[in-house]
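Working notes, structure below.
Note on naming: letters A, B, ... go to the chains in the order of the sequence lines (proteins, then strands), and numbering restarts at 1 for each one.
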Number of protein chains: 4
Amino acid sequence: MSSLRTRTPAAPKPAPVATHAARQRERILEAAEKCFIESGFHAASMAHIADTAGISAGLIYRYFDSKALIVKAIIERHLETDGTCAIDWLNSPEDLCDAMLDLFESWQRGDDPKMNAGLFLDLTAECTRDPQIARVVRDKDRLVGDGLAQVVRRIARARGVMLKSAAARERADVLQCLMEGLASRVVRDPKLRRSTLKPMLEKIMAVLLA
Amino acid sequence: MSSLRTRTPAAPKPAPVATHAARQRERILEAAEKCFIESGFHAASMAHIADTAGISAGLIYRYFDSKALIVKAIIERHLETDGTCAIDWLNSPEDLCDAMLDLFESWQRGDDPKMNAGLFLDLTAECTRDPQIARVVRDKDRLVGDGLAQVVRRIARARGVMLKSAAARERADVLQCLMEGLASRVVRDPKLRRSTLKPMLEKIMAVLLA
Amino acid sequence: MSSLRTRTPAAPKPAPVATHAARQRERILEAAEKCFIESGFHAASMAHIADTAGISAGLIYRYFDSKALIVKAIIERHLETDGTCAIDWLNSPEDLCDAMLDLFESWQRGDDPKMNAGLFLDLTAECTRDPQIARVVRDKDRLVGDGLAQVVRRIARARGVMLKSAAARERADVLQCLMEGLASRVVRDPKLRRSTLKPMLEKIMAVLLA
Amino acid sequence: MSSLRTRTPAAPKPAPVATHAARQRERILEAAEKCFIESGFHAASMAHIADTAGISAGLIYRYFDSKALIVKAIIERHLETDGTCAIDWLNSPEDLCDAMLDLFESWQRGDDPKMNAGLFLDLTAECTRDPQIARVVRDKDRLVGDGLAQVVRRIARARGVMLKSAAARERADVLQCLMEGLASRVVRDPKLRRSTLKPMLEKIMAVLLA
DNA sequence: AATGAATGAGCCTTCATTCAT
DNA sequence: AATGAATGAAGGCTCATTCAT
């Protein structure tokens, strides 16, 4: 995961012809997301999801064959959201730093149902146990890493530094590590402020992108 | 949480007179830990824990009133272990860097029965849902942060830099963030190598402790 | 049941003015039959029947008030079909023997959508539980038995033996027993061949019709 | 299946040390048998079985891992009962005839929980759908057929007739057919009497064993 | 007449917890 | 102190049936 929110809003979805079925699926996913955030993947019950969606439990199965598939859909939605946001705007260490801090604040506010720190941690932990989930997550993770490496390279180049592929990768890995560490920090230290993180993060960015 | 393993083994406990009850509790907790690591907090069943501990399911309830209390006890045990390890050995940015990379490798090997990346993520995620757990974790988290801040200060001072308390805190926060991000990285990118992380981590340490 | 297929095709129904409703009912029954044969009375779902019939699930209820009534209708249809086939062609023990072996082979091939060994067994077993079904089946069973008794008498008479009603009955009962036993044999011993059965069956027929 | 009840009671089981667990298993199986007879394999619910056994639904799972395994156990019990009864007593066509009629009456009375006509039919029908059940049933069926073939040969030999293996098999197949037909007859014609069947059955036996 | 979305009861199964021994 | 049998409340899922359109 580790999505980078930027200032560009994602382009509006191209499928405005929302059939009833599509709308129902969406409703269920939204309810599921709420429940998963609230109780975790395992503890959230189908009944609870159905309640939250305002439908009967049985109806869910018209749209998803199993709870596992809902989980999978949620995960994929998360991963899609990730990286779909243009990274092209990140043109300087400062941009990258801001993007990370924006992500931090979004997690802290917890108002983005698509990207929630608790869910992110759950999801990551789940990789330890469910190989299918692990595969999906890791596949996406690699893409995100590649994206970050490119950004790193581009920014470095803009500053006159030519990074080898391996060097960019090293930087991207540490960036991912930092970003994902933020999820943990958000949960474990609710009082942490953007302003506290900013100074050192800026220095680190400068180092990573020089 | 985010324990820093150093070369000094923790001093042996002051050898309390281990009553039978205390020994039983310990056995149960150890078994529970194994099971939680294996299956996660929710999926681990009392029966499995009892089996692992080599006792009957019913007996657990003589020592713990509920599964939730075992979870809590496990967490508290973790947190005690944490930081009990002397941080005094960390005397340079390099030391700190090595300590972090050691932690990374230990997580990657998954051979430390007391701290496991999956469990760490689970535990952190659980804070989102269980306020009681959140409290315990955050209390301890603060202590760890304080410890780190001291280390930072000490190392900086050794290098001739006097850091204000707030400045040390900023650095400690980012350090924690990095360490915890490693848990996520270990799970999400099983192929990540210590050698890949090392170069940039060293640079970062240099920045943070300068 | 235990229908005796003979070489004469049943006379075409008097061509009733097939209303739309009647045609729909027929479609549903045919689909249901297919499904029941495929999965048994209980396991066949209304959804599957609807699919097979090429109509919506809800529509079935315009024509049948419940699944149980479909089962009943299927049974009644079976029983109607049964015995409607002329038994007049059976004029010798050999004819009867052949007819039974034909039935055996038809069951073995399983290509008769109207009568299937598994369904026959299911249906019979159901009599044990559903009194309504039991009544229908038993009523029809009596008719089949009567028909058989007549055939027996006729054949015997043709061979110069005058059988009393009770004597014909005894023979008819054993014939039914044999025929129905074939259903069981077909299912339990898929390797059984017509040629294996023929010799002894012929001898038995000779005894029964002498 | 198609058990041949003879006058010899089965030897008492050699395991009088009935552990609690063994007794519970037996209780459950007995309850299950009752329920299966009452409602069929599919329609009988675990809750109903538990009720009948006078225990909680969950407890069943301490003794059987799944409903399917209960079904399997019931089937195997049935099949064991079969043929365990000594066939050595059958020394004449009359003996065989009586044994068959005894079986008929036992089915008709429905007082033998281990061998019930409805269950027999259900079980046979189930072979059509469940390959695992089919295998078990057919394996046993072959044994029963072999046993019958031996009996046939022995009786024939006692009467001075030497039957080839294939000839004995032909007779055994028809015997099985007749016996299994009786299950159907019992269910479909509750008024059928032993005395009605006896005369023709005797003649048939004479033919089969001559 | 027809659809198919929606419901809700019921099914099999698991598991934390209790209790008689 | 210890066992492990027993319970009962969910949990995920299916399916006959109903209903708005």
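- To the nearest angstrom, C1' of F:dA6 lies 15 Å from CZ of D:Arg23.
- Between the side chain of D:Arg129 and the backbone N or O of D:Ala134, no donor-acceptor pair lies under 3.5 Å.
- Residue C:Tyr63 is the one, among C:Tyr63 and A:Arg27, whose nearest nucleotide of DNA chain E lies closer to the 5' end (criterion: closest heavy atom).
- Rounded to whole Å, the distance from CG on B:Asp51 to C1' on E:dC15 is 14 Å.
- For A:His20, the listed nucleotide lying nearest its side chain is E:dA5; candidates were E:dA1, E:dA5, F:dA6.
- Residues D:His78 and D:Lys140 have side chains not in contact (no heavy-atom distance under 4.5 Å, counting atoms from C-beta outward).
- Within the 4.5 Å cutoff, side-chain heavy atoms of A:Ile70 are placed close to those of A:Ile60.
- A heavy-atom distance below 4.5 Å is not found between the side chains of D:Glu126 and D:Gln132.
- D:Phe64 places its CZ atom 14 Å from the P atom of F:dA5, with the value rounded to the nearest Å.
- D:Ile60 comes within contact range of no nucleotide atom at all, as no heavy-atom separation falls under 4.0 Å.
- Judged purely by atom type and a 3.5 angstrom limit, C:Lys34 has no side-chain atom pairing as donor or acceptor with the backbone of C:Ala53.
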(request) Would you give a per-nucleotide map of nucleotides 8-13 of chain E, 5' to 3', where B means the base has a protein non-hydrogen atom under 4.0 Å away, S means only the sugar-phosphate does, and - means neither? (result) B--SSB

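- One can place CZ of A:Phe41 at 18 Å from C1' of F:dG11, the figure rounded to the nearest angstrom.
- Applying the salt bridge (charged side-chain N to carboxylate O under 4.0 Å, His left out) test to D:Arg135 and every residue at least two apart in sequence or in another chain returns D:Asp139.
- Using the six-membered ring where Trp is involved, A:His42 and B:His42 have ring planes that are parallel, under 30° apart on the 30 and 60° scheme.
- Taking atom CZ of residue C:Arg62 and atom P of nucleotide F:dT17, one finds them 17 Å apart after rounding to whole Å.
- Judged by distance alone, with hydrogens and angles left aside, the side-chain atoms of B:Lys67 form a donor-acceptor pair with the main-chain N or O of B:Ala44 at under 3.5 Å.
- Contact of the C:Phe36 side chain with the C:Leu123 side chain is not registered, since no non-hydrogen atoms from C-beta on lie closer than 4.5 Å.
- Taking atom CD1 on C:Ile70 and atom C1' on F:dT17, their separation rounds to 12 Å, with Å as the unit.
- If you take NE2 of B:His48 and C1' of E:dT14, they are 15 Å apart, rounded to a whole angstrom.
- Rounding to whole angstrom units, CD1 of residue A:Ile49 and P of F:dC13 are separated by 10 Å.
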(message) Let's test your reading of the pairing rules: Watson-Crick or G-U wobble, both distances under 3.5 Å, then write DNA chain E as a dot-bracket string with ( ), [ ], | and dots.
(response) .||||||||||||||||||||

